[in-house]
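Structure, as structure tokens:
Everything numeric in this text was worked out from a predicted model, so none of it was measured.
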Protein chains: 2
Amino acid sequence: MRPEDLRFQVLRHLEQKPDMTQRELAAALGISLGRVNYCIQALIERGLVKAANFRNSRNKRAYLYKLTPRGLSEKAALALRFLRRKEQERQVLLQEIEALRAEIGQANHEHEKHEQGE
Amino acid sequence: MRPEDLRFQVLRHLEQKPDMTQRELAAALGISLGRVNYCIQALIERGLVKAANFRNSRNKRAYLYKLTPRGLSEKAALALRFLRRKEQERQVLLQEIEALRAEIGQANHEHEKHEQGE
DNA sequence: TTACGTGTGTTCATCAGTTGAACGCACATA
DNA sequence: TATGTGCGTTCAACTGATGAACACACGTAA
């Protein structure tokens, strides 16, 4: 997972559920705790996320990770780029698949017809 | 790139062009020379590829990498698995894309209509 | 109050994977 | 012979990810 994609996914999750712990994020994204921590620190450093105290004002731990206005717009921009890239990846994949089918000599395009149509 | 995918791509290239050098393979696959060497050694070890002397019988270098019968069948099996996985990846990608579109709120399905149809 | 358990963010030694510069070798050529 | 070229091979060094261990701030119960 690219750093850019990771930032996007973290922003995405935190917007919908700001009280996620770093461990929960790590599990949800399938990466390590250390990497999540590193990513969140970067987001805070950039001013895209603000760590608000949770439960008790003097508690330095157990944060609420709230997206700042800049964080929201950054997340929207990342979403669009992410989407565009995924669309392109899907197109590339189609070409690879067709090349493979031709190479294998299988005429099993019937598979596609059972997928969700386009 | 997964080790399995790398083995497949190497077999694929060598079948079509057994006189490729390791440097050419590295460039074609976008990976390092060392990794190609490691992969080819593994293929030879498994008996999927045989390194035949090229140009001159006493020359230990400049091999022809010929696929053995086992190499051919292994390559065919890998191709099928590779294809199946790519198809699945493409399906997953479609779901991600649609989820993103819903999240972004864009109704730009028109994009698809310009792609190669299914 | 005190002591303990729990869950948090943080740190960092360790590891697995990759790289490509450097090397030894076998030619072709002069 | 001497030199240049291109090959496969090696491996020290780099990169990025990991998760065990840690310090801390609570809640809870003795």
Listed pairs under 3.5 Å, donor-acceptor, residues 36-43 of chain A side chains, sequence neighbours left out:
residue, atom, partner, partner atom, Å
A/N37, ND2, A/Q22, OE1, 3.0

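- Partners of B/L72 according to the side chain to side chain contact (heavy atoms under 4.5 Å, CB included) rule, which considers only residues two or more places apart in sequence or in another chain, are B/E15, B/L67.
- Separating the CG atom of B/L25 from the P atom of D/dC7 is a distance of 11 Å, rounded to the nearest angstrom.
- Under the ring pair (Phe, Tyr, Trp, His ring centres under 6.0 Å) criterion, no residue pair touches residues 16-36 of chain B, with sequence neighbours excluded.
- When the side-chain nitrogen and oxygen atoms of B/Q22 are compared with OP1 and OP2 of D/dC7, none of them lie within a distance under 4.0 Å.
- A donor-acceptor contact closer than 3.5 angstrom links the side chains of A/R12 and A/Q9.
- Computed from coordinates, the B/L29 CG to C/dT18 P distance equals 13 Å when rounded to whole Å.
- Side-chain N/O atoms of A/N37 include none lying less than 4.0 angstrom from OP1 or OP2 on C/dG9.
- Here the side chain of B/R90 pairs a donor or acceptor atom with the backbone of A/R90 at under 3.5 angstrom.
- Under the 4.5 Å side-chain heavy-atom criterion for Ile, Leu, Val, Met, Phe, Trp and Tyr, A/L14 and A/I44 are members of the same hydrophobic cluster.
- The CG-P distance, from B/L43 to D/dG8, rounds to 14 Å in whole Å.
- The NZ atom of A/K50 sits 16 Å away from the P atom of C/dG9 (whole-angstrom rounding).
- Although no hydrogens or angles enter the test, the distance criterion places a donor-acceptor pair under 3.5 Å between the side chain of A/R70 and the main chain of A/R46.
- The shortest distance between the side-chain N/O atoms of B/Y38 and the OP1/OP2 oxygens of D/dT9 is not below 4.0 Å.
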B/S/- contact track for nucleotides 12-21 of chain D, protein heavy atom under 4.0 Å: -----SBB-B

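- A straight line from CZ of B/R2 to C1' of C/dT18 spans 18 Å, rounded to a whole angstrom.
- Axis deviation across the helix from C/dT1-D/dA30 to C/dA30-D/dT1 amounts to 20°, comparing end segments of five pairs, rounded to 10 degrees.
- Listed by chain and number, the residues in a side chain to side chain contact (heavy atoms under 4.5 Å, CB included) with A/K17 are A/D19, A/M20, A/E24 (sequence neighbours excluded).
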